[in-house]
Amino acid sequence: TGLVHLSQAGPSTIEVKRLLKQASAHMKTLPKTLYLSTQLAAANLEAEAETQKISVILLPEDQLRVFIDEARDSFKEHFGGGRVQ
């Protein structure tokens, strides 16, 4: 796992390639689809995903909230001793 600093310009091309390489190594495959918030500056991520034949779907963040909240809750349960706040 790795952290990617998201500035207003979004992740750099090098950060994006590293992130996708790490994801591929971890899951033994690349995702088929990547859902991105229209509110994020992620042009490099979108471009690299398309280069690697990953379809990109842009959605408003409120439509992604159900997935974000579910992932956040799972993270809290796993690393926070089972307490969801």
Side-chain angles (χ1 to χ4, degrees):
T1 59
L3 296 176
V4 175
H5 176 70
L6 294 178
S7 65
Q8 284 186 328
S12 70
T13 301
I14 292 170
E15 289 173 314
V16 166
K17 287 182 179 190
R18 185 181 71 232
L19 180 67
L20 290 174
K21 183 177 180 180
Q22 288 174 344
S24 176
H26 178 71
M27 299 301 295
K28 308 295 186 230
T29 186
L30 285 171
K32 291 180 178 18
T33 305
L34 186 60
Y35 297 92
L36 297 176
S37 170
T38 54
Q39 295 168 290
L40 289 178
N44 290 333
L45 180 54
E46 186 177 353
E48 185 61 27
E50 290 174 348
T51 296
Q52 295 196 31
K53 308 291 189 242
I54 301 169
S55 66
V56 175
I57 298 175
L58 299 172
L59 295 168
E61 191 164 324
D62 63 324
Q63 291 183 14
L64 295 170
R65 181 64 49 199
V66 66
F67 303 108
I68 294 167
D69 291 345
E70 184 178 317
R72 184 176 291 130
D73 290 346
S74 293
F75 184 87
K76 285 179 184 178
E77 287 177 18
H78 185 73
F79 294 103
R83 297 181 310 263
V84 178
Q85 298 178 19

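Basis for what follows: all heavy atoms, side chains included, without hydrogens, waters or symmetry-related copies.
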key: Neighbour count above 12 (heavy atom, 6.0 Å) for Ile57 CD1   = yes
request  = Determine the sole option in Asp62, Leu58, Leu64 for which the side-chain contact (heavy atoms from CB on, under 4.5 Å) test with Pro60 is passed.
outcome  = Asp62
query = If you measure from CG on Asn44 to CG on Leu19, what distance do you get to the nearest 0.5 Å?
reply = 12.0 Å
key: Spacing of Glu50 atom CD and Leu34 atom CG [to the nearest 0.5 Å]   = 9.5 Å
Any donor-acceptor N/O pair, Lys28 side chain to Ala25 backbone, under 3.5 Å = yes
message = Restricting to salt bridge (Lys or Arg N to Asp or Glu O under 4.0 Å), what partner residues turn up for Arg72, sequence neighbours left out?
response = Asp69
message = Nearest 0.5 angstrom please: Leu45 CG to Lys17 NZ, how far?
response = 12.5 Å
remark   = One should read off an interatomic distance between Ser12 OG and Arg18 CZ, to the nearest 0.5 angstrom, of 7.5 Å
ask   = For the atom pair CD1 (Ile54) and CG (Leu30), what is the distance rounded to the nearest 0.5 Å?
value = 4.5 Å
key: Leu20 backbone acceptor or donor facing Ser24 side chain under 3.5 Å   = no
inquiry  = Is any side-chain heavy atom of Glu61 closer than 4.5 Å to one of Ile68?
reply    = yes
